[in-house]
Amino acid sequence: MTLEGTLEADVSTADGGPRPGDVAFAFTVTNAGSEPVELQFSDMCKAEFVVRDGDREVWRFTEGRMFAQMLSREALAPGESSTYEAEWERPRPGAYTATAELRAQEASCEAHTPLAVPE
């Protein structure tokens, strides 16, 4: 099983997003192998997003949230992708590193991206 991930972080401006300054994350997981892949999830949270300032964790998507305990499956044909999203509301200005990790039961994939939140 060969999964590849990319992570994009978009800081909202006055013209876009629900609130200026919020950060929208999009984690895209692609089946880079030659065989279909079936992803199995134990709850409705299919990806974890974490933001760090150096070694210090400053935000985690799942912190303080509850997710429906529902088994689900998602099939990815070779070359097919699936995108998982999250939003970080009202972050403090600064330079960070964001990480996204797939929460599938028997598959792993993660991606990192630098992130700058302006003053």
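Only this structure's heavy atoms are used, side chains among them; waters, hydrogens and symmetry mates stay out.
- Under a hydrophobic-cluster definition in which Ile, Leu, Val, Met, Phe, Trp and Tyr are linked whenever side-chain heavy atoms come within less than 4.5 Å, directly or via other members, Phe67 and Phe27 are assigned to the same cluster.
- Across all their heavy atoms, Leu39 and Ala107 have their closest contact at CD2-CB, 3.8 Å.
- For the pair Asp53 and Arg92, the salt-bridge criterion is not met [side-chain N within less than 4.0 Å of a carboxylate O].
- In this structure, CE in Met66 is found 14.5 Å from CE in Met44, a value given to the nearest 0.5 Å.
- With rounding to the nearest 0.5 Å, the separation of CD in Glu8 from OG1 in Thr83 is 8.5 Å.
- A distance of 11.0 Å separates CG in Asp10 from CD in Glu85, rounded to the nearest 0.5 Å.
- Judged purely by atom type and a 3.5 angstrom limit, Arg65 uses its side chain to pair as donor or acceptor with the backbone of Phe61.
- Taking both residues in full, the closest heavy atoms of Lys46 and Leu102 are given as O-CD1, 3.6 Å, listed atom of the first, atom of the second, then distance.
- When all heavy atoms are compared, the tightest approach of Thr113 to Ala9 is CG2-CB, 4.2 Å.
- The two atoms that bring Gly5 and Cys109 nearest to each other are N-SG, 3.3 Å, heavy atoms only.
- With a 4.5 Å cut-off on side-chain heavy atoms, Val51 and Thr97 do not count as touching.
- No continuous path of ILVMFWY side-chain contacts below 4.5 Å connects Val11 to Val50, so the two sit in separate hydrophobic clusters.
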Quiz item: What do the steps show when you test Thr28 against Ser81 for side chain to side chain donor-acceptor pair (under 3.5 Å), and what is the final call?
Solution: CA-CA 6 Å; Thr28 301; Ser81 299; over 6 Å; no

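- Across Pro78 and Gly33, no two heavy atoms sit closer than the pair CB-O, 3.3 Å.
- When every heavy atom of Gly79 is checked against every heavy atom of Thr30, the shortest pair comes out as O-CG2, 4.0 Å.
- Checked against ring pair (Phe, Tyr, Trp, His ring centres under 6.0 Å), Phe25 has the following partners two or more places apart in sequence or in another chain: Phe49, Trp59.
- Remark: side-chain polar atoms of Arg103 are paired, donor with acceptor, to backbone N or O of Cys45 under 3.5 angstrom.
- A side-chain N or O of Ser82 and one of Glu74 form a donor-acceptor pair less than 3.5 Å apart.
- For Phe41, the ring pair (Phe, Tyr, Trp, His ring centres under 6.0 Å) criterion is met by no residue, not counting sequence neighbours.
- Looking only at side-chain heavy atoms (C-beta outward), Trp88 and Asp22 stay at 4.5 Å or farther from each other.
- Checked by atom type and distance alone, the side chain of Asn31 never pairs as donor or acceptor with a backbone atom of Leu3 at under 3.5 Å.
- At least one side-chain heavy atom of Val23 sits under 4.5 Å from a side-chain heavy atom of Val117.
- We find the CD-CD distance between Glu4 and Glu110 to be 13.5 Å, quoted to the nearest 0.5 Å.
- More than 12 non-hydrogen atoms from other residues, nucleotides or ligands lie less than 6.0 angstrom from CD of Gln105.
- The environment of Glu48 atom CD is dense: over 12 non-hydrogen atoms of other residues, nucleotides or ligands sit within 6.0 angstrom.
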